[in-house]
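Contents: one structure, followed by commentary.
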Amino acid sequence: MDLQNRPLKKRPLFSNRLSIITVAAGSAIGLGNIWKFPYITGKNGGAAFIIVYLCCIALIGLPVLISDFMIGRRGGKNVVGSFRALAGDRSPWLFGGFIALFGSATVLSFYGVVAGWSLGYVVKAVSNGFAGKSPAEVGAMFNDFVTSPIAPIAYQLIFMSITAGVVYAGVKKGIEAFSKVMMPILIGIIVLLCIRSLTLPGAEGGIAFLFKPDFSKLSAAGVLDALGHAFFTLSLGVGTMITYGSYIDKDENLATTALQICIADTVIALLAGIAIFPAVFAFGVEPGQGPGLVFVTLPNIFVQMPGGYFFCILFFLLLAVAALTSSISMLEVSVAYASEDLGISRKRATLFLTALISGVGIICSLSLGQYRESLTLFGKNFFDLADFAVSNVEMPIGGAISVLFIGWVLKRQKSEEELTCHGKIKVPLIAAFIFTAKYLAPVGIAIVFLHSLGVI
Ligand code: PFF
């Protein structure tokens with residue numbers, strides 16, 4: 001269907017360019033930046049890994065993000081509706097829409113659990129729960145918390161209710177208004193944490209770890225981690241950026257917007273690194289701890305640091321706020337679909353889908369604790385399975401579908417119209433973008449995908 005034949009029913013649009021960037025960067029910036037990026041950087045040896053990660057963002061992440069925006073804005077509907085509008089009613093490309101629906105719901109089910117932990121840790125930090133504890137005790141505390149049957153689920157449900165409240169309020173009054181308040185708070189907190197970390201004696205070791213590359217520490221698995229994480233951190237392949245793209249005004253420059261979002265996301269990930277590693281080095285802690293880096297190592301450091309009580313609260317608050325602006329974008333994918341294509345009211349859709357996704361999240365949470373033995377499938381507990389299914393399978397497939405669709409299916413002239421706002425603006429490097437969408441990005445994605453399945 002052509003732009004001119006878009007359905008007449010009025011859809012909401014983000015108010016202006018700043019709103020678009022705030023909301024889409026709010027989706028991109030989340031646990032991926034503050035929890036995952038630091039620990040995979042620690043695990044993969046620091047600066048050399050970061051250089052590869054930056055290349056993955058520029059060469060693959062950015063083209064996929066532009067493609068997602070193009071599909072959303074040109075299609076002008078939810079993720080399934082956009083593919084339908086562009087490819088036709090019975091096109092196999094609709095699979096791209098349905099798999100994204102599945103992916104966004106799955107990612108939210110386990111993301112809500114980790115975000116719940118962050119909320120729980122805000123409360124622990126406020127009640128000074130880490131004071132006087134040895135590192136082993138803080139480690140045991142984390143383990144007891146995430147494996148207990150009640151507390152993490154209660155926090156997960158609180159987190160999911162806030163997410164639902166924002167989405168329930170709508171695209172402009174909920175998502176846009178919320179992100180506009182939360183994102184500046186997030187930036188303020190992270191800058192404060194960086195200043196605290198950088199002024200600790202011995203902070204230089206952390207800065208060298210982040211910015212002085214040592215390529216001997218980089219492995220093939222590290223390169224693949226970098227590419228996989230580029231997808232996760234930019235919220236690609238699960239329909240989020242397609243759905244948000246459909247709320248972007250037709251006169252906005254999509255390529256520049258996407259570039260600014262990549263830059264914002266990268267800057268926040270690096271700031272998270274700067275907030276964490278100087279402290280890690282100043283206190284002589286091992287940087288390659290894995291997922292416990294943020295929940296175990298950091299509280300240990302905070303208790304020894306001047307002002308640690310406040311910085312600990314601020315840190316977990318930062319994690320929770322960042323997670324919220326991402327989780328609303330995940331829920332919006334299926335809510336937009338249900339309300340537009342299934343004719344369910346937006347409010348009902350929000351309630352029903354939140355209940356469904358939270359239910360799956362509860363299973364993920366329980367699968368880490370006493371039901372570990374029974375809640376497993378294909379040798380993984382449900383939590384790990386949801387994470388694996390999205391990050392290693394669904395996101396690469398969804399991302400590949402977007403670039404392949406733009407590279408091979410959408411007519412070149414239509415792509416140019418979308419990128420140049422029907423000739424109103426000049427955009428350089430269109431040929432390079434199309435080339436990347438056709439060849440480079442799909443091949444790169446195929447490599448990660450096959451590796452993550454153990455084929456190569
Ligand atoms: N980009 C988010 C992060 O880095 O935490 C995660 C995410 C958000 C993934 C939205 C997928 C999504 F649809």
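Residues: numbered from 1 along the sequence shown. Counting convention: from 1, in listed order, for ligands and their atoms alike.
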Any donor-acceptor pair under 3.5 Å from N33 side chain to D265 backbone |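 Between the backbone of D265 and the side chain of N33 there is a qualifying donor-acceptor contact (under 3.5 Å).
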
For the aromatic rings, using the six-membered ring if either is Trp, is the centroid distance between F302 and F311 under 6.0 Å?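 No, they do not, as the ring centres are separated by 6.0 Å or more.
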
| Are Y121 and F315 near enough that their ring centres are under 6.0 Å apart? |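 No, ring centres 6.0 Å or more apart.
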
Which atoms of ligand 1 sit under 4.0 Å from any heavy atom of [X]?
X: Y111; answer: 2 (C), 3 (C), 5 (O), 6 (C)
X: V238; answer: 11 (C), 12 (C), 13 (F)
X: S329; answer: 10 (C)

Considering both backbone and side-chain atoms of T233, is one of its nitrogen or oxygen atoms within less than 3.5 Å of a nitrogen or oxygen in ligand 1?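 T233 vs ligand 1: N/O contact under 3.5 Å present.
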
Of the protein's non-hydrogen atoms, which lies at the shortest distance from atom 6 (C) of ligand 1, and what is that distance?
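Of every protein heavy atom, F232 O, 3.6 Å lies nearest to atom 6 (C) of ligand 1.
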
The one among M330, H229, K36 that brings a heavy atom closest to atom 7 (C) of ligand 1 =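 Selected option, by shortest heavy-atom distance: M330.
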
- request: Tell me which part of S235 gets within contact of ligand 1: side chain, backbone, both or neither, using heavy atoms under 4.0 Å.
  value: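 Near ligand 1, S235 shows its backbone as well as its side chain.
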
**Q.** ligand 1 versus M395: contacting region, heavy-atom distance under 4.0 Å
**A.**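 Answer for M395: side chain.
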
Review point. Taking 4.0 angstrom as the limit, do R346 and E332 come out as a salt bridge?
Key: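 A salt bridge links R346 with E332.
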
